[in-house]
2 protein chains.
Amino acid sequence: MQQNSDNGGAYPESQLRCEACPLIACDGLRQPPADLRHWIAAFRQGEARFVRGEQVFDQGSRPKHLYTVLSGVLMRTRLLEDGRRQVINFMFPGDFLGLQAALDGEMSHAVEAVTSVTLCVFARDRFFDMVASQPRLAFDMTWLAAHEEAALEEHIVSLGQRNARERMAALAVFLVQRAHDTGLAPDGVLTITVTQGQIADMLGLSLVHTNRTLQALRRLQLVDWTVNSISIPDLESARQFAGIDSNSFRLPRPYI
Amino acid sequence: MQQNSDNGGAYPESQLRCEACPLIACDGLRQPPADLRHWIAAFRQGEARFVRGEQVFDQGSRPKHLYTVLSGVLMRTRLLEDGRRQVINFMFPGDFLGLQAALDGEMSHAVEAVTSVTLCVFARDRFFDMVASQPRLAFDMTWLAAHEEAALEEHIVSLGQRNARERMAALAVFLVQRAHDTGLAPDGVLTITVTQGQIADMLGLSLVHTNRTLQALRRLQLVDWTVNSISIPDLESARQFAGIDSNSFRLPRPYI
DNA sequence: CGTCTTTTTGAACGTTCTCAAGGGATGTGG
DNA sequence: CCACATCCCTTGAGAACGTTCAAAAAGACG
């Protein structure tokens, strides 16, 4: 919502070593071997922080930095010229921000902090060196890109085939699942502040209808999505209601 | 539509060398340097052909092979348990098929030939060797994954924010553009057989409404989409109608 | 306490869907 | 060559889902 700031977050000189990376505590992530961690440390430039509502990347900008999410949740959004806006996806700890910009130069979308976030900073112009120097790094980067793609597929299925209630249930399941995997939401309740306007922009629904659908799902006891938390009483029945194949096993994500 | 066949296409022993790769003639593609081409040739296993309607990958299968599209057009689709189906995207010459399966083992979607296609065959179990051996190859793979992701973003915007007419116009522009870049559709007319049912599954519309929207766009002289061709009289006005930012410059795609 | 943002509700309208049926093209077997 | 099946396209009409407009209530913040 606020102004831009590719450089907005402060970069404390504190070269907090990767040995103290908060992602080490994250069970859902596959830890890089020690030697790779050193390589990554060599490219790392520091940390950046953004508060809720700040833009990490502006659509159309040419960022100098790339980031890995260390903590918090963000949103990728795309704006049409007439003001309509579509939320593409949410980003969680371990996700890599700016890959597309690293390759093209220009951001095709914006990235906004949904909670306060801390990011690990890399220089864009050293990106090629990074992936070229370590095959494993390139492999992990490809892994992340391919899986982000799979998440978008699922989102496309939602928008194309599911009605408002199914869509919202599917989104809630996705978010709680994703949060659970990264250590947040241990008990099926995700504490996060998402406005109904943001939900509407994610699901391609009007604000009014989003509100009514929210209430319907609460009445059905499938999803209780309040201003600052998402709670799913019974994950399995929510998943069934949304028509999500539960057989999609999840492999541990790498991070960089 | 037909039965599966991961091995369905014949693999003629003809080790047609990559020097004769049909993609060399493709202006829209960035050619790999000679040494990289040799590397790729070493991993290549031959060619496979599929006719219109055949499934190259089944959803949920564990393919032994990966492919690069040499000629023709394909469709990635995802099936829900209740039979609803969503077309995720179309694939053109130069696209790489099966990346997600290469990493996860299991296909999250199906791939079906829309025209007759010829594919370049690689062994899945040598995938890691491939990308690890050549940084440039890994980089290109990441490039393709990131750009497929960008295409899906655009599709999400369509499904979420555009109405039926805008959606269909956007899809037509995308297809004609993409075909034009790969040498097909030189004059803004793409000769390809797509049923209205397939269009409906791509746009998330009912078959009936797809038909009516098709007629509306024809009456408006924006898009003339018949059984076996897509024609856009004025690309710029179609683009404007659909609300596509035309400032998105296109870089030449690498291929593998 | 006033202002701003977000949520909630009502009501009319419109887009899109479903159901139903008919027509055209193509292919197959008798 | 005709009968029949199949697949795809087309049209009509009523119903459902979702949108828009409008306004009020509820929180958040200084």
**OP:** Answer yes when A:R162 and A:E154 have at least one side-chain N-carboxylate O distance shorter than 4.0 Å, and no when they do not.
**Re:**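 Yes, charged N to carboxylate O under 4.0 Å.
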Subject >> Salt bridge A:D95-A:R76, side-chain N to carboxylate O under 4.0 Å >> reply: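 No, this pair does not count.
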Subject >> A:A164 vs A:V227, nearer the 5' end of DNA chain D by closest nucleotide >> reply: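 Of the two residues, A:A164 wins.
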Between [atom2] of [N] and [atom1] of [X], the distance in whole Å:
X      : N      : atom1 : atom2 : result
B:R162 : C:dT15 : CZ    : C1'   : 18 Å
A:R52  : D:dA28 : CZ    : P     : 12 Å
B:E166 : D:dT19 : CD    : P     : 14 Å
B:R212 : D:dG14 : CZ    : C1'   : 12 Å
A:N211 : C:dT8  : CG    : P     : 5 Å
A:L203 : D:dT19 : CG    : P     : 10 Å
A:I199 : C:dT8  : CD1   : C1'   : 14 Å
B:Q198 : D:dC8  : CD    : C1'   : 11 Å

Original post:
Is any side-chain nitrogen or oxygen of A:Q215 closer than 4.0 Å to OP1 or OP2 of C:dT7?
Top reply: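 Checking C:dT7 against A:Q215, no side-chain N or O comes under 4.0 Å of OP1 or OP2.
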Original post:
Using a cut-off of less than 4.0 Å, is there contact between a side-chain N or O of A:Q196 and OP1 or OP2 of C:dT5?
Top reply: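 Checking C:dT5 against A:Q196, no side-chain N or O comes under 4.0 Å of OP1 or OP2.
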Original post:
Is it true that a side-chain atom of A:Q100 and a backbone atom of A:E106 form a donor plus acceptor pair closer than 3.5 Å?
Top reply: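 Confirmed, A:Q100 side chain pairs with A:E106 backbone.
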Original post:
With no hydrogens and no angle check, is any side-chain donor or acceptor of B:R78 less than 3.5 Å from a backbone partner on B:Q86?
Top reply: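 Between the backbone of B:Q86 and the side chain of B:R78 there is no qualifying donor-acceptor contact (under 3.5 Å).
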**OP:** Counting heavy atoms from C-beta on, name the nucleotide in D:dG18, C:dA20, C:dT9 closest to the side chain of B:V208.
**Re:**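 So the nucleotide nearest the side chain must be C:dA20.
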Original post:
What nucleotide among D:dC9, C:dT16, C:dC19 has an atom nearest to a side-chain atom of B:T195?
Top reply: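 Nearest to the side-chain atoms of B:T195, counting from C-beta on, is D:dC9.
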Original post:
Do the rings of A:Y67 and A:F57 sit parallel, tilted or perpendicular, given the 30° and 60° boundaries?
Top reply: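 Tilted, since the angle between the ring planes falls between 30° and 60°.
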Original post:
Have B:S61 and B:D58 got a donor and an acceptor in their side chains that come within less than 3.5 Å?
Top reply: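 Side-chain D/A pair, B:S61 to B:D58: absent.
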Subject >> Pair B:T77, B:E112: side-chain N/O donor-acceptor within cut-off below 3.5 Å >> reply: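 Short answer, no.
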**OP:** Please list residues of residues 152-161 of chain B whose heavy atoms come under 4.0 Å from any atom in DNA chain C, ordered by number; otherwise none.
**Re:**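 Output list: empty, so none.
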**OP:** Report which part of the nucleic acid B:L207 touches: base, sugar-phosphate, or nothing (heavy-atom distance under 4.0 Å, all strands).
**Re:**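 Nothing, no nucleic acid heavy atom in range.
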Original post:
Can we call the ring centroids of B:F90 and B:F174 under 6.0 Å apart?
Top reply: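 No - the distance between ring centres of B:F90 and B:F174 does not fall below the 6.0 Å cut-off.
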**OP:** For DNA chain C, produce a single dot-bracket line, 5' to 3'. Pairs: Watson-Crick or G-U wobble, both distances under 3.5 Å. Symbols: ( ) within strand, [ ] crossing, | other strand, . unpaired.
**Re:** |||||||||||||||||||||..|||||||
Subject >> Closest heavy-atom pair and its distance - B:L217, B:R165 >> reply: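 Closest approach of B:L217 to B:R165: CD1-O, 3.9 Å.
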